[in-house]
Amino acid sequence: MIIERIIFHVDVNSAYLSWSAADRAQRGVEGPDLLTVPAAVTGDPESRHGVILAKSIPAKAFGIHTGEPTAAALRKCPHLYLIKPDFDLYQRQSEALMTLLRSYAPVVEPVSVDEAFCDFTGTGRLYGDPCVLADRLRAEIRTKLGFTVNIGIADNKLLAKMASDFQKPDRTHTLFPDEIASKMWPLPVGELYGVGRATAEKLEKAAIMTIGDAARAPLAELVRLAGQKCGRYIHEAANGRGDDQVRAGKEAEQSVGNSVTLREDLTPENRDRLLRPTLLSLAESVGSRLRRKGHAGRTVTLTVKTTAFRTRSRQTQLKEPTDSTAVIFETALRLFDEIGARESYRLLGITVSGFAAGEGPVQLSLFTDTEAEARREKQKKLDAMADSIRERFGGESLVRGSLMKSGGKGDDRQTNLIRKNKNPERSGLTE
């Protein structure tokens, strides 16, 4: 058999959990190995609210699945070990993975933070057998980055994706045209990539139980059951036909944002206690990511979701692009006042967009006195110092002073940095 294209799909095993486990091991954090015990990443471990964002293989054995309420997961496994997500860490790990993949593959197409397609077509003389190459790549990721991946190898992206979902973790699987009948067709039809639960149920009711059944079913029957577009997709995908073009990179990032579902609803009664710390935490996260990526944006958007699940947003255009935590925070506060404080809210989110092509960050001054420039430079240095500490000691190693207390106003509280470490000398900070 002549294989014209060689495409890898690289998929991190239990990404959020793996990345958190690798970070904890590197920093010497006490506690169990997250990958060997029932463990999960959830939005709010303390109150045990939120949903499961990632789970270990031992947790999966208890029937826990991604997206289910944390409370439901704890009923299945009362001793489930819960940790907070660290999205800054996940972004850094993702970037490290993509950098390593680009050192091997001529073309890399990131799909999400934890998966990418790599086109190795025509590299046989350089790398030899693609399975040997995949094993070498997995070993290097495990050794250098501290986590594991599955790699699926095929001649198009659909089959490579299907192959990477076979037995886990830390495996290499192939799914070439002559393997479709034996490896893919026996699988339940719901495991065909792109087929959701509702569609799978419709197919199963029509006795189309496996991917092989779908591959052999008349196109007209699939269209009748799933609609024109979806029916045609199922017909093509079940027979192994899919896109074989790996496109370098993704479109340029257009925005950076973060949102949080609150532990308790934000109401007019608790606004003074909750609003400023929550918006400051979000601004810190967004500002840190902007600075790390070298972005600065003119558009700040605040999004809220009411307890009645109505979503509202306000945005404003700044005079100059910014990556400043303080500017983003103060702007978000003003936008919240525009939205109104009479309702109760369950979610807050901040997004910065409108990146300035070819321009470096320009901090918009919050001050109108003659010391504006000096204060602006001080804020810039504080942001850089905070970023440096978090880079060295982890995302939870430093918080703004106002996040350690409730309420309060004033520039001093917004820029007061507190190290959450018993050995502050290590940070290079002194009183």
Side-chain angles (χ1 to χ4, degrees), residues 5-27 33-35 41 54 85-154 156-157 159-161 163-175 244-253 256 288-289 291-295 387 390-392 394-395:
R5 302 195 68 81
I6 296 293
I7 295 173
F8 285 16
H9 181 257
V10 181
D11 190 9
V12 181
N13 301 133
S14 302
Y16 287 178
L17 200 73
S18 294
W19 289 336
S20 293
D23 178 65
R24 286 161 62 94
Q26 183 180 21
R27 294 189 290 117
D33 181 348
L34 301 179
L35 300 177
V41 178
D86 184 344
F87 295 106
D88 285 344
L89 167 67
Y90 304 156
Q91 189 65 38
R92 293 196 301 271
Q93 292 280 47
S94 174
E95 290 168 358
L97 172 64
M98 300 306 166
T99 297
L100 192 153
L101 294 179
R102 290 188 179 101
S103 72
Y104 276 86
V107 184
V108 175
E109 179 183 346
V111 180
S112 66
V113 294
D114 63 343
E115 59 180 321
F117 291 108
C118 303
D119 193 342
F120 283 99
T121 303
T123 63
R125 291 188 178 182
L126 177 63
Y127 293 126
D129 186 288
C131 290
V132 174
L133 169 62
D135 291 344
R136 172 184 164 188
L137 186 56
R138 286 191 299 106
E140 186 166 345
I141 292 169
R142 187 190 320 115
T143 301
K144 288 187 175 181
L145 304 184
F147 54 86
T148 64
V149 300
N150 262 37
I151 298 180
I153 308 174
N156 67 46
K157 293 195 289 188
L159 295 180
K161 168 68 176 174
S164 69
D165 283 337
F166 291 163
Q167 186 180 7
K168 298 180 179 182
D170 200 15
R171 299 295 183 95
T172 297
H173 298 285
T174 63
L175 187 53
D244 64 358
Q245 295 298 312
V246 177
R247 298 160 182 85
K250 295 195 293 187
E251 292 184 4
E253 190 169 28
V256 169
S288 176
R289 288 169 58 196
R291 293 186 290 273
R292 188 171 66 248
K293 293 170 178 291
H295 293 325
D387 294 343
R390 290 192 181 91
E391 180 72 25
R392 292 176 62 192

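Side chains included, hydrogens not; waters and symmetry mates left out as well; all remaining heavy atoms used.
Distance check: Ser14 OG to Asp114 CG gives 9.5 Å after rounding to the nearest 0.5 Å. A distance of 5.0 Å separates CG in Asp11 from CD in Glu115, rounded to the nearest 0.5 Å. Note: Ser164 OG to Phe117 CZ = 7.5 Å, rounded to the nearest 0.5 Å. Atom NZ of Lys157 sits about 8.5 Å away from atom CG of Asp244, to the nearest 0.5 Å. To the nearest 0.5 Å, atoms OH (Tyr90) and CD (Glu95) are separated by 15.0 Å. Rounding to the nearest 0.5 angstrom, the gap separating the CG atom in Asn150 from the CZ atom in Phe166 is 10.5 Å.
Here the closest heavy-atom approach between residue Ala105 and residue Asp119 is recorded as CB-O, 4.4 Å. Residue Ala160 comes nearest to Ala154 through the heavy atom pair N-CB, 3.3 Å, listed as atom of the first residue, atom of the second, then distance. Among all heavy-atom pairs drawn from Gln167 and Arg171, the shortest one is OE1-NH1, 3.0 Å.
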Which pairs would a plain distance check flag for residues 133-142, meaning a side-chain donor or acceptor within less than 3.5 Å of a matching protein atom at least two apart in sequence or in another chain?
{"unit_1": "Asp135", "atom_1": "OD1", "unit_2": "Arg138", "atom_2": "NH2", "d": "2.8"}
{"unit_1": "Asp135", "atom_1": "OD1", "unit_2": "Thr172", "atom_2": "OG1", "d": "2.8"}
{"unit_1": "Arg136", "atom_1": "NE", "unit_2": "Tyr104", "atom_2": "OH", "d": "3.4"}
{"unit_1": "Arg138", "atom_1": "NE", "unit_2": "Thr172", "atom_2": "OG1", "d": "2.8"}
{"unit_1": "Arg138", "atom_1": "NH1", "unit_2": "Asp170", "atom_2": "O", "d": "2.7"}
{"unit_1": "Arg138", "atom_1": "NH1", "unit_2": "Asp170", "atom_2": "OD1", "d": "2.7"}
{"unit_1": "Glu140", "atom_1": "OE1", "unit_2": "Tyr104", "atom_2": "OH", "d": "2.2"}
{"unit_1": "Glu140", "atom_1": "OE2", "unit_2": "Lys144", "atom_2": "NZ", "d": "2.9"}
{"unit_1": "Arg142", "atom_1": "NE", "unit_2": "Asp170", "atom_2": "OD2", "d": "3.0"}
{"unit_1": "Arg142", "atom_1": "NH2", "unit_2": "Asp170", "atom_2": "OD1", "d": "3.4"}
{"unit_1": "Arg142", "atom_1": "NH2", "unit_2": "Asp170", "atom_2": "OD2", "d": "2.9"}

- Worked verdict on Val10 versus Cys118 for side-chain contact (heavy atoms from CB on, under 4.5 Å): CA-CA 8 Å; Val10 181; Cys118 303; 4.2 Å; yes

- Item | Step-by-step side-chain contact (heavy atoms from CB on, under 4.5 Å) determination, Thr123 to Ile6 | CA-CA 9 Å; Thr123 63; Ile6 296 293; over 6 Å; no

- Checking side-chain contact (heavy atoms from CB on, under 4.5 Å) for the pair Leu35/Phe147: CA distance, chi angles, key distance, verdict? CA-CA 10 Å; Leu35 300 177; Phe147 54 86; over 6 Å; no

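Counting only distance, with no hydrogens or angles, the side chain of His173 and the backbone of Ile151 share no donor-acceptor pair below 3.5 Å. Panel note: side chain Ser94, backbone Val113; a donor-acceptor pair is recorded below 3.5 Å. Formation of a donor-acceptor pair under 3.5 Å by the Thr148 side chain with backbone atoms of Pro169 is not found in this model.
Taking the six-membered ring where tryptophan is involved, the planes of Phe120 and Phe8 are tilted, since the angle between them lies from 30° to 60°.
Taking the side chain as every heavy atom from C-beta outward, Pro110 and Arg102 approach each other to under 4.5 Å. Side-chain contact between Asp88 and Arg292: present, with at least one pair of heavy atoms (C-beta onward) separated by less than 4.5 Å. Proximity of Ser20 to Leu34: side-chain heavy atoms (C-beta onward) are separated by under 4.5 Å at one or more points.
Comment: Asp23 engages Arg27 in a salt bridge, judged by a side-chain N to carboxylate O separation of less than 4.0 angstrom.
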